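Bear in mind the structure is a predicted one, so any value in this text is a computation, not a measurement. Each chain gets a letter, A, B and so on, in the order the sequences are listed, and its residues count up from 1.
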Amino acid sequence: MSEEKSLNFIEEIIEKDLAEGKHASIITRFPPEPNGYLHIGHAKSICLNFGLANKYGGKTNLRFDDTNPVTEETEYVESIKADIQWLGFSWANEFYASDYFEKLYEFATTLIKKGLAYVDDSNSDDIAKQKGSPTVPGVRNKYADRTVEENLELFTAMRNGKYADSEKVLRAKADMSSPNMHMRDPIIYRIKHAHHHRTGNKWCIYPMYDFAHGQSDSIENITHSICTLEFIPHRELYNWFIDKLAIFPSHQYEFARLNMTYTVMSKRKLLQLVNEKHVTSWDDPRMPTISGMRRRGYGAAALRDFCDKIGIAKRENLIDLGLLEFCVREELNKTALRRMVVFHPLKITITNFDKEVEWVNLEDNPEDPNTTYRQVPFSKEIYIEQDDFMEQPPKKYFRLFPGGKVRLKGAYIIQCDEVVKDNENNIVELKCTYIPESKSGNDTSGIHVKGTLHWVSIAHAINAEVKLYDRLFKVENVAEAEGDFKEYINPDSLQILDKVYAEPALANVNFDDRFQFLRKGYFCIDKDSTANQIIFNRTVTLKDGWAKEVKKQS
RNA sequence: UGGCCUAUAGUAUAAAGGUAGUACGACAGAUUUUGAUUCUGUUUGUCUUGGUUCGAAUCCAGGUAGGCCAACCA
């Protein structure tokens, strides 16, 4: 069948492994270091790892790679778990590399006994120098000749806290002339008298990534250990340890990490944005973090759909932010409640409308065949959007202008009779007449208008605050832009409208509601809202064909 | 310039020696009580040079371009 979705290269490997009986079922893992918040790039990895397990009937462990106590905190552990759950995935086990510290210590001891590890007293500069360069082989120092007994004794003393930080390290005895720098007797244990978020002060030596990750995979019987491209050079070491320790042979596979236009994805840079207050927090709606996107109103299904659409490959990529926005809109279009909100009001008085109020019936969501309805008050004085009126309209403008007609969504067709201005020639009000036979739903007027505007009855309007977000950076490829990335921050990424006019249905809302403000965009309720002041975040704009037309004309 | 990875429309991603397809974008049109949505159509591509073959995006050889690797980070 041509409908069948093609496989990515990792799925191909898995299907082959399964078909050959290499594994009865697969186990994957998502291994974040708890030193920051998860971002959309992590979402790609999460969807991959959990998605693979779901697809092939396997399971996925959540494993915190917490081998560096100085950068890791419980706060991050909690946020990571919340983000994964929100994305809609469940882990089979919650593990920590720190669960395995004792086991890893034994592994190190095993290596020492096999003559494959030694304690080195050199400082980091000397170790770096002795490593050589990609073109110059490294040389071993005298410490490499220590006996097994001496190494065992020193390593035990390291563990027991006899030495200060940096005084000694444990190194694997691998291959000092390997073209792969990671094989040149890598450091596998270092001394850090630091408090660990889980093990407290129990340990003062900690394994390095290379001596923890593969072994942790192996301990958990991970069949397919999937990481990003920059770990390719580590794979040789990963396999070396598994081989020398003769433990379960997990295998590492690498895919290209996600890059997106108009944002940054490195934890270092994101941390900088937060610390230097370019954004308010990790969950600032402009951040590419999962928590930021959640707060902005992006749906979990949209994020999963996005991760599915971008695919998995080994080529460097830069994904268009527009694709993410497409996924977000696609989900919201089906679910968001339609409401009318005027951002920049222009008063209209309907001179021939004499009732105090007329309640009109509007669909909550026309995309939903089973849509519910709401009552919206229509009255003599209403607001429309300032840019829905022009005294001298350009070509193809089919909003309101002097003598022109438009429909007010769900209500009547009106005609603009008079423009009222103040002393400074600003338009302050429009006098209009409505056509009584044109009522929405039973229009017998025979009049056809091209434009339909959103509106709100002044007397019934409620006030709210709206936060409009735009891309965080001014340039597409921030990583490649010259100089400090912070020079490219978009100064207009946040625009606050502290008083907009909303239809009264928005007085009763639930925190989880998603809205489409007609002709304005998709919105959600910000967590900073209070009983007195509701704050809406603009999740994403609607596509704007008119803006495009205007741009073309100019 | 030591080793490793990669190269398909503007951006991603398929095609496992046999019609280069899909999504987003762009453009044009239809529908529309949201200039939204929906629908239809159009446009644009195999890094390069050779070779093998009836036939190459795919296999081989040589170029070229981009990326990664020399943290007591992960």
When the ring planes of [X] and [Y] are compared, do they come out parallel, tilted or perpendicular, using 30° and 60° as the limits?
{"X": "A:F95", "Y": "A:Y100", "value": "tilted"}
{"X": "A:Y412", "Y": "A:Y434", "value": "perpendicular"}
{"X": "A:F231", "Y": "A:Y209", "value": "tilted"}
{"X": "A:Y96", "Y": "A:F64", "value": "parallel"}

Classify the nucleic acid contact of [X] as base, sugar-phosphate or nothing, counting any heavy atom under 4.0 Å across all strands shown.
{"X": "A:E254", "result": "nothing"}
{"X": "A:Y206", "result": "nothing"}
{"X": "A:P32", "result": "nothing"}
{"X": "A:R184", "result": "nothing"}
{"X": "A:L453", "result": "nothing"}
{"X": "A:K520", "result": "nothing"}
{"X": "A:G138", "result": "nothing"}
{"X": "A:G451", "result": "nothing"}
{"X": "A:Y522", "result": "nothing"}
{"X": "A:K129", "result": "nothing"}
{"X": "A:T67", "result": "sugar-phosphate"}
{"X": "A:S122", "result": "base"}
{"X": "A:E12", "result": "base"}
{"X": "A:K192", "result": "sugar-phosphate"}

Task: Contact list for RNA chain B against residues 316-330 of chain A - heavy-atom distance below 4.0 Å - done: A:E316, A:N317, A:L318, A:I319, A:D320, A:L323, A:F326
- [ ] Would you mind telling me which of A:R339, A:R338, A:R514 makes a salt bridge (Lys or Arg N to Asp or Glu O under 4.0 Å) with A:D364?
- [x] A:R339
For the side chain of [X], counting heavy atoms from C-beta on, which of [options] is nearest?
{"X": "A:P233", "options": "B:rC5, B:rA74, B:rC69", "answer": "B:rC69"}
{"X": "A:R190", "options": "B:rA14, B:rG2, B:rC73", "answer": "B:rC73"}
{"X": "A:K409", "options": "B:rA12, B:rU33, B:rC5", "answer": "B:rU33"}
{"X": "A:D65", "options": "B:rU34, B:rA74, B:rA28", "answer": "B:rA74"}
{"X": "A:N8", "options": "B:rG25, B:rA14, B:rC72", "answer": "B:rA14"}
{"X": "A:N333", "options": "B:rA23, B:rA74, B:rU37", "answer": "B:rU37"}
{"X": "A:R407", "options": "B:rG35, B:rC4, B:rU33", "answer": "B:rU33"}
{"X": "A:M208", "options": "B:rU33, B:rC72, B:rG2", "answer": "B:rC72"}

Does a distance-only test, which skips hydrogens and angles, find a donor-acceptor pair under 3.5 Å between the side chain of [X] and the base of [N]?
{"X": "A:E367", "N": "B:rU38", "answer": "no"}
{"X": "A:S440", "N": "B:rU33", "answer": "yes"}
{"X": "A:R519", "N": "B:rG35", "answer": "no"}
{"X": "A:H234", "N": "B:rA74", "answer": "yes"}

Sidechain-backbone polar pair: [X] side chain, [Y] backbone, donor-acceptor under 3.5 Å:
{"X": "A:N160", "Y": "A:K162", "result": "no"}
{"X": "A:T228", "Y": "A:E230", "result": "no"}
{"X": "A:E549", "Y": "A:D544", "result": "no"}

Open item on the list: Any donor-acceptor pair under 3.5 Å linking the side-chain atoms of A:E75 with those of A:Y37?
Closed with: yes
Task: A:L7 or A:T135, whichever maps to the more 5' nucleotide of RNA chain B - done: A:T135
Task: Aromatic centroids of A:H234 and A:Y238 separated by under 6.0 Å - done: no
Task: Between A:F523 and A:F517, ring centroids under 6.0 Å - done: yes
- [ ] Could you point out which residue of A:D120, A:I112, A:L111 forms a side chain to side chain contact (heavy atoms under 4.5 Å, CB included) with A:L170?
- [x] A:I112
TODO: For B:rG18 versus B:rG2, give the span between their P atoms, rounded off to a whole number of Å.
DONE: 38 Å
Open item on the list: So is the aromatic ring of A:Y209 stacked onto the base of B:rA74, judging by whether the centres are under 5.5 Å apart and the planes are under 30° apart?
Closed with: no
Task: Duplex segments of RNA chain B, taken as runs of at least three Watson-Crick or G-U pairs that stay under 3.5 Å - done: B:2-7 with B:64-69, B:10-13 with B:21-24, B:26-30 with B:38-42, B:47-51 with B:59-63
